[in-house]
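Structure record follows, encoded as structure tokens.
All residue numbers in this chain count up from 1 along the given sequence. Only a predicted model underlies this, so the values are computations on that prediction, with no experimental measurement involved.
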Amino acid sequence: MNATAMEIVLLVLSVLIILITLLQGGKSEGASGAITGGSQMNIFARTKERGPEKILTYITMGLAVLFFLFTILARYL
């Protein structure tokens with residue numbers, strides 16, 4: 001695989017990672033809650049992912065691993 005093809009693969013993988021990450025819902029208040037002082041109790045905070053959420057998480061992890069491997073491959077080829 002030449003350098004141009006590798007760059008295209010990396011570009012496609014990075015766009016896919018961004019899109020899949022944006023599709024995922026937030027799991028907690030995060031930094032915005034710390035800044036605004038919001039401490040609303042969420043009864044669903046400790047529930048496990050199910051269905052589409054779990055699939056999106058697995059797809060994100062798989063794409064991240066592929067991106068990592070292709071980045072290393074691009075460095076040494």
Side-chain angles (χ1 to χ4, degrees):
M1 192 178 269
N2 60 15
T4 306
M6 191 66 71
E7 290 173 359
I8 292 171
V9 169
L10 285 172
L11 180 66
V12 169
L13 282 173
S14 61
V15 169
L16 286 174
I17 289 172
I18 291 169
L19 291 175
I20 294 294
T21 304
L22 288 174
L23 286 174
Q24 293 179 358
K27 292 182 178 66
S28 66
E29 279 187 37
S32 66
I35 292 171
T36 60
S39 63
Q40 297 176 350
M41 183 170 208
N42 186 357
I43 60 172
F44 300 109
R46 303 195 105 204
T47 59
K48 295 189 177 202
E49 295 176 332
R50 297 179 188 204
E53 292 174 356
K54 193 170 194 175
I55 293 169
L56 283 175
T57 300
Y58 286 145
I59 290 172
T60 304
M61 284 189 292
L63 287 172
V65 168
L66 280 174
F67 183 80
F68 179 74
L69 292 175
F70 272 100
T71 304
I72 291 177
L73 254 159
R75 170 69 176 106
Y76 291 109
L77 291 182

Which pairs of donor and acceptor atoms, one on a side chain in residues 6-22, lie under 3.5 Å apart (sequence neighbours left out)?
unit_1 : atom_1 : unit_2 : atom_2 : d
Ser14  : OG     : Leu10  : O      : 3.2
Ser14  : OG     : Leu11  : O      : 2.7
Thr21  : OG1    : Ile17  : O      : 2.6

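- Judged as a side-chain hydrogen bond (donor to acceptor under 3.5 Å, both in side chains), and not counting sequence neighbours, the contacts of Thr60 are Gln24.
- When side chains are defined from C-beta on, Met61 counts as touching Thr57, because their heavy atoms get closer than 4.5 Å.
- Criterion: ILVMFWY side-chain heavy atoms under 4.5 Å apart, direct or through other members. Under it, Leu63 and Tyr58 are not part of a common hydrophobic cluster.
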Pair up each side-chain donor or acceptor in residues 70-77 with any protein partner under 3.5 Å, not counting sequence neighbours, and list the distances.
unit_1 : atom_1 : unit_2 : atom_2 : d
Thr71  : OG1    : Phe67  : O      : 2.6

